[in-house]
There are 2 protein chains.
Amino acid sequence: MTEPVDTVLVVEDEVPMRRFLRAALASHGFRVAEAGSLREAERAVTEAPPQAILLDLGLPDGDGLDLLRRVREWSTAPVIVVSAREREDDKVTALDAGADDYLTKPFGTSELLARIRVALRHARAQGGSAEPVMVIGPIRVDHARHEVTVGGAAVHLTPIEFRLLALLAQHVGKVLTHRQLLREVWGPRATQHTHYLRVHMAALRRKIEADPARPRWLATEAGVGYRLRDE
Amino acid sequence: MTEPVDTVLVVEDEVPMRRFLRAALASHGFRVAEAGSLREAERAVTEAPPQAILLDLGLPDGDGLDLLRRVREWSTAPVIVVSAREREDDKVTALDAGADDYLTKPFGTSELLARIRVALRHARAQGGSAEPVMVIGPIRVDHARHEVTVGGAAVHLTPIEFRLLALLAQHVGKVLTHRQLLREVWGPRATQHTHYLRVHMAALRRKIEADPARPRWLATEAGVGYRLRDE
DNA sequence: CGCGAACTTGACGCGAACTTGACGCGCGGG
DNA sequence: CCCGCGCGTCAAGTTCGCGTCAAGTTCGCG
């Protein structure tokens with residue numbers, strides 16, 4: 001049971017800032033991965049998922065929030081946004097998009113480190129580690145490509161179907177309640193429309209089950225929710 | 001089965017600030033509990049555990065960090081520190097003491113609310129406070145998977161049976177009265193239908209007892225309630 | 001402006017789960 | 001000794017949740 005070294009991905013285009021962050025993190029025992037653009041960041045995050053992400057919003061090739069949202073589809077790894085923008089709107093947007101914290105430049109090293117510790121504490125308590133590609137039996141969910149295959153054959157899923165499957169895959173074996181699924185996919189105001197689930201789960205079964213009437217993978221727990229069998 | 005309203009405990013001694021916070025929170029659908037001192041806060045937190053805590057550090061009767069540490073010993077409820085002190089040391093100390101976020105006054109309403117949403121999101125993702133899996137003799141109750149096994153074999157329980165068993169398992173060895181069981185499973189309006197219990201307990205025994213006529217685990221305390229033996 | 005994909009909404013049948021009532025048993029007290 | 005009470009059992013009867021289908025409705029795109 002040796003303490004694993006956490007790696008932090010730094011997404012930042014300005015070189016001096018990047019060097020500063022690298023030094024601060026490395027000197028406190030973190031492994032540091034770096035990306036100077038969205039493209040690089042996306043590659044880094046899928047190829048070697050880090051334990052935490054420091055994300056600068058002012059990137060040359062696009063909005064950092066896009067990356068954030070993309071990552072949030074399959075990973076719960078903590079993301080701390082580091083930005084020069086200190087308008088409240090920016091903060092709210094980022095936090096609601098899935099960021100775990102928002103730090104405005106300039107900031108102190110020790111505060112940054114403390115907030116990283118908080119983020120890692122949360123991630124550890126929660127446990128679930130996520131891979132960009134998940135395999136359950138014959139079902140393969142590739143988040144980077146946004147693609148699902150069953151037994152090697154590509155399957156087209158609608159946005160809602162994809163999100164449902166992704167959520168279930170993220171918690172293989174566990175039951176997700178109606179409420180949880182509805183909140184994640186349709187938003188907090190739709191937690192009683194359980195009929196949505198019936199319709200879309202049926203559609204999902206038609207696409208990923210050999211015999212949709214006798215589901216082998218997508219199990220329903222009557223009165224509770226749905227579950228993706230692991231086995 | 002109604003949508004639960006999250007309650008936020010505001011620990012703050014200055015009245016105007018408290019009123020401001022109360023207004024901001026209440027108008028966004030939160031229930032608000034208030035405390036003006038450490039003493040009050042401690043009482044509030046143990047008597048009616050809130051889903052999140054807003055903690056001001058400058059309290060008249062002691063350091064807010066003491067409260068934080070005390071609470072952290074038994075609860076993981078998110079704590080957001082709200083303080084006028086903006087020295088980095090203060091932030092680091094609070095965060096390392098278990099705070100989930102640190103906001104310096106003055107701050108905007110919308111940012112505060114966004115950060116509360118983040119905190120609640122974390123708390124929810126982390127799941128209930130209960131142990132995920134309980135073991136009583138050969139009986140295994142796995143909450144996350146919503147699955148019960150007896151001697152290794154999976155047993156299918158109906159929703160009501162599952163909730164009954166889960167309740168009893170949560171208090172192994174202790175007697176749960178008819179009233180308690182009925183209230184938890186059927187709601188407060190059904191506390192006199194003790195016949196429900198007889199029927200469903202019988203069904204439960206058929207599924208988890210080797211000899212349902214001579215129950216080894218699910219004991220009945222005549223005139224009082226039921227109990228799950230801890231051997 | 002029209003088309004198609006995706007989503008919402010409603011109706012319906014089926015089976016599981018729950019409720020309800022009748023009955024028998026053991027036990028303790030009148 | 002018999003009666004009442006609480007419990008377990010069983011078998012109806014009824015409700016409820018789920019899956020299915022199909023008819024709207026919305027929305028983006030050509």
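Naming: A, B, ... by sequence-line order, numbering from 1 per chain. Quick caveat: nothing in here was measured; it's all calculated off a predicted structure.
- Contacts between residues 206-225 of chain A and DNA chain C, defined by a heavy-atom separation below 4.0 Å, involve no residue at all.
- Listed pair A/H200 / D/dG19 fails the phosphate criterion, with no side-chain N or O lying under 4.0 Å from OP1 or OP2.
- Phosphate proximity of D/dC18 to A/H178: present, with a side-chain N or O under 4.0 Å from OP1 or OP2.
- Contact check, B/T194 against D/dC7: no side-chain N or O comes under 4.0 Å of OP1 or OP2.
- Closest to the side chain of A/Y226, out of D/dG8, D/dC21, D/dC18, is D/dC18.
- Within a 6.0 Å sphere centred on CZ of A/R31, other residues, nucleotides and ligands contribute 12 heavy atoms or fewer.
- Computed from coordinates, the A/L204 CG to D/dC18 C1' distance equals 16 Å when rounded to whole Å.
- Listed pair B/R198 / D/dT9 fails the phosphate criterion, with no side-chain N or O lying under 4.0 Å from OP1 or OP2.
- The side chain of B/W186 contributes an N or O atom lying less than 4.0 Å from OP1 or OP2 of C/dT19.
- In this structure, the side chain of B/K207 engages the main chain of B/H156 through a donor-acceptor pair within 3.5 Å.
- Remark: the backbone N or O of A/H143 is not paired with any side-chain donor or acceptor of A/E73 at under 3.5 angstrom.
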| Taking only Watson-Crick and G-U wobble pairs with both distances under 3.5 Å, what dot-bracket line describes DNA chain D, where [ ] shows pairs that cross earlier ones and | shows pairs with another strand? | ||||||||||||||||||||||||||||||
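- A salt bridge links A/R115 with B/D101; the closest basic N to acidic carboxylate O contact falls under 4.0 Å.
- Taking the six-membered ring where tryptophan is involved, the planes of B/H200 and B/W186 are tilted, since the angle between them lies from 30° to 60°.
- Looking at B/R72 and B/D100, a side-chain N of the basic residue comes within less than 4.0 Å of a carboxylate O on the acidic one, giving a salt bridge.
- The minimum heavy-atom distance between B/R121 and A/L95, with the atom names listed, is NH2-O, 2.5 Å.
- For the atom pair B/L197 CG and B/I160 CD1, the distance stands at 9.5 Å (nearest 0.5 Å).
- Contacts of B/H195 with the nucleic acid, taken as non-hydrogen atoms under 4.0 Å apart, include base atoms.
- Taking every side-chain heavy atom of A/Y196 into account, C/dT9 is the closest of C/dT20, C/dT9, C/dA17.
- Spacing between atom CZ of B/R189 and atom C1' of C/dT19 amounts to 17 Å, rounded to whole angstrom units.
- A/R43 has a carboxylate O that lies under 4.0 Å from a charged side-chain N of A/E47, or vice versa, which qualifies the two as a salt bridge.
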